[in-house]
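Owing to the predicted nature of the structure, the values given are computational and were not obtained by experimental measurement.
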Amino acid sequence: MSVEDVGRALVDKKNPLKDRFRALFTLRNLGGNEAVDIISACFDDESALLKHELAYCLGQMQNPHAIPKLIEVLGDKSQEAMVRHEAGEALGAIGDPSAGATLKQFCDDPVVEVAETCQLALGRLDWLSQKALEEEKELPANPFNSVDPTPPTKVSSVDDLTRQLLNEDLSLFDRYRAMFSLRNMATKDSVLALAKGLKCSSALFRHEIAYVLGQLQHEACVEQLAENLRDINESSMVRHECAEALGSIATTEATNILHDYLKDQERVVRESCIVALDMSEYENSEQFQYADTYSKLKNGQTAVTS
């Protein structure tokens, strides 16, 4: 299937959101400037959830061709906070020093999630330029193939990493490093440690905790994710990520919880539940379309194309 064919499925606003998501993640895996251009053309969509995932995919593709569009989206105050945040994170994921000045400009943005994201992204650029070669050989491997906002830290015990994760006196960069080390351990104990982060003060941090729990796909954290999803006072960007994580976990309990929020007052939560239920369906089936399950694509696994 060609980039052009898949692109038509993404840009057609009449298509169901779940079909557009599968097209998006297939384009991400196909790669190339043409795929970047098609994805970049969709930031005028009405769905904040879709635009957030557009930016996520551009970051994961690590193609510098996307940088001008991501800078434009980050600076567009009419875009939703979760979309601007993801554009900033994508610039950090691409890792090109040319984005440094823009990221520095938005490190004091009045939207806290945007400011914190740009601080993290700038930290990643600094790490890539100063410490990556020195540290990379000593760091644990990432079994999820995702481009993360920070590197992990050196392997330590779950208890030590948990203390670092939850210590709000430390920088977000250092706490994220502990987060990704715990994720890479991929044990029940590390999952339960990560789930404690869902109660920390930063909405951005809670959102990223939910994301990594979705990558891990471990049923031990279903109730913790559900608790944040149920909280109508929780940030919508956190609730949406909790819903997607539940879709990745795909147990009967997780799926039943998602059905309860298909009519949520927040559009991004409703749409996340629709997409998450599609994840659950494909995680529990042997069916394939032009791409494997959305959750597998999001977690960096290879698309199945025809």
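- Note that CG of Asp174 and CG of Asn167 are 9.5 Å apart. Values are rounded to the nearest 0.5 Å.
- Annotation: the span from Leu58 atom CG to Ile39 atom CD1 amounts to 5.0 Å, rounded to 0.5 Å.
- Taking 4.0 Å as the cut-off between side-chain N and carboxylate O, Lys69 and Glu72 count as a salt-bridged pair.
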Check the pair Ser98, Asp96 against side chain to side chain donor-acceptor pair (under 3.5 Å), reporting the backbone distance first and the verdict last.
-> CA-CA 5 Å; Ser98 66; Asp96 193 302; 2.8 Å; yes
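- Hydrophobic clustering keeps Val147 apart from Val36 (ILVMFWY residues linked when any side-chain heavy atoms are closer than 4.5 Å, directly or through intermediates).
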Between Glu53 and Arg20, is a salt bridge (charged side-chain N to carboxylate O under 4.0 Å, His left out) present by the stated rule, with each step listed?
-> CA-CA 11 Å; Glu53 300 293 346; Arg20 298 178 73 192; over 6 Å; no
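- The environment of NZ in Lys199 is crowded: more than 12 heavy-atom neighbours from other residues, nucleotides or ligands sit within 6.0 Å.
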Audit row: Glu271, His240, side-chain contact (heavy atoms from CB on, under 4.5 Å) steps and yes/no | CA-CA 8 Å; Glu271 291 183 342; His240 115 78; over 6 Å; no
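- Heavy atoms only, all atoms of each residue included: Leu229 and Ala243 are closest at CD1-CB, 4.3 Å.
- Across Ser280 and Gly247, no two heavy atoms sit closer than the pair OG-O, 3.3 Å.
- Under a hydrophobic-cluster definition in which Ile, Leu, Val, Met, Phe, Trp and Tyr are linked whenever side-chain heavy atoms come within less than 4.5 Å, directly or via other members, Leu192 and Val212 are assigned to different clusters.
- No side-chain donor-acceptor contact under 3.5 Å links Ser47 and Asp45.
- Not a single donor-acceptor pair under 3.5 Å links the side chain of Asn228 to the backbone N or O of Cys242.
- Residue Met237 is grouped with residue Leu172 when hydrophobic side chains (ILVMFWY) are merged at heavy-atom distances under 4.5 angstrom, including chains of intermediate members.
- Between Ala66 and Ile94, the shortest heavy-atom distance links the atoms CB-CD1, 4.4 Å.
- Counting heavy atoms of neighbouring residues, nucleotides and ligands inside a 6.0 Å radius, atom NZ of Lys154 does not exceed 12 of them.
- Between the side chain of Arg270 and the backbone N or O of Lys263, no donor-acceptor pair lies under 3.5 Å.
- Annotation: side chain of Leu194 is in contact with side chain of Leu216 (closest heavy-atom distance under 4.5 Å).
- Within the structure, ring pair (Phe, Tyr, Trp, His ring centres under 6.0 Å) contacts touching residues 245-280 (residues at least two apart or in different chains) do not occur.
- With rounding to the nearest 0.5 angstrom, the SG atom of Cys42 is 6.5 Å from the CG atom of Leu50.
- A side-chain donor-acceptor contact under 3.5 Å links Gln217 to the backbone of Ser248.
- Salt bridge status for Arg177 with Glu135: present, with a side-chain N to carboxylate O gap under 4.0 Å.
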Begin with the C-alpha distance, continue with both residues' side-chain angles, and end with the deciding distance and a verdict on side-chain contact (heavy atoms from CB on, under 4.5 Å) for Glu241 and His52.
-> CA-CA 11 Å; Glu241 204 68 65; His52 163 277; 4.1 Å; yes
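- The residues Glu80 and Lys51 are annotated as salt-bridged, a charged nitrogen and a carboxylate oxygen being separated by less than 4.0 angstrom.
- Side-chain contact between Cys221 and Ile249: present, with at least one pair of heavy atoms (C-beta onward) separated by less than 4.5 Å.
- Using a 4.5 Å heavy-atom cutoff, the side chains of Gln164 and Asp160 are not in contact.
- The distance from atom CG of Asn142 to atom CD of Gln215, rounded to the nearest 0.5 Å, is 7.0 Å.
- The CG atom of Leu120 sits 11.0 Å away from atom CG of Leu125, with the distance rounded to the nearest 0.5 Å.
- Ser181 and Pro140 get closest at one heavy-atom pair: OG-CG, 4.4 Å.
- With sequence neighbours excluded, the residues that form a salt bridge (Lys or Arg N to Asp or Glu O under 4.0 Å) with Arg206 are Glu234.
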Start with the C-alpha distance between Leu161 and Ser190, add both sets of side-chain angles, then the distance that settles side-chain contact (heavy atoms from CB on, under 4.5 Å), and finish with yes or no.
-> CA-CA 9 Å; Leu161 289 170; Ser190 70; over 6 Å; no
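- Qualifying side chain to side chain contact (heavy atoms under 4.5 Å, CB included) partners for Cys200, counting only residues two or more places apart in sequence or in other chains: Leu166, Glu168, Arg175, Phe205.
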Please test Leu49 against Leu17 for side-chain contact (heavy atoms from CB on, under 4.5 Å), starting from the C-alpha separation and ending with a verdict.
-> CA-CA 10 Å; Leu49 178 65; Leu17 192 62; 4.2 Å; yes
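- Taking the side chain as every heavy atom from C-beta outward, Phe180 and Thr153 never approach each other to under 4.5 Å.
- One distance of note links CG of Asn63 with CG of Asn33; it measures 5.0 Å at 0.5 Å rounding.
- Taken together through direct or relayed side-chain contacts under 4.5 Å among Ile, Leu, Val, Met, Phe, Trp and Tyr, Leu128 and Leu122 form part of one hydrophobic cluster.
- Under the 3.5 Å distance criterion, with hydrogens and angles disregarded, no donor-acceptor pair is assigned to the side chains of Arg28 and Gln60.
- Using a 4.5 Å heavy-atom cutoff, the side chains of Leu54 and Val73 are not in contact.
- Side chain of Glu244 to main chain of Ala276: no donor-acceptor pair is present (N/O by atom type, distance under 3.5 Å, no hydrogens or angles).
- The ring pair (Phe, Tyr, Trp, His ring centres under 6.0 Å) pairs that include a residue from residues 98-133 number zero, where partners must be two or more places apart or lie in different chains.
- Here the closest heavy-atom approach between residue Gly7 and residue Ile38 is recorded as CA-CG2, 3.7 Å.
- The shortest distance between side-chain heavy atoms of Ile209 and Leu165 falls below 4.5 Å.
- Applying the salt bridge (Lys or Arg N to Asp or Glu O under 4.0 Å) test to residues at least two apart or on different chains, the pairs with a partner in residues 99-127 are Arg84-Asp109.
- With respect to Asp19 and Arg22, a salt bridge is recorded, a charged nitrogen being found less than 4.0 Å from a carboxylate O.
- Under the 4.5 Å side-chain heavy-atom criterion for ILVMFWY residues, a single connected hydrophobic cluster contains both Leu204 and Phe173.
- Within the structure, the ring pair (Phe, Tyr, Trp, His ring centres under 6.0 Å) test picks out the following pairs touching residues 61-94 (sequence neighbours left out): His85-His207.
- The shortest heavy-atom contact between Ala48 and Val83 is O-CG2, 3.6 Å.
- Arg183 places a side-chain heavy atom less than 4.5 Å from the side chain of Ser146.
- Annotation: side chain of Arg239 is not in contact with side chain of Asp231 (no heavy-atom distance under 4.5 Å).
- Proximity of a side-chain donor or acceptor of Gln79 to a complementary backbone N or O of Phe43 within less than 3.5 Å is detected.
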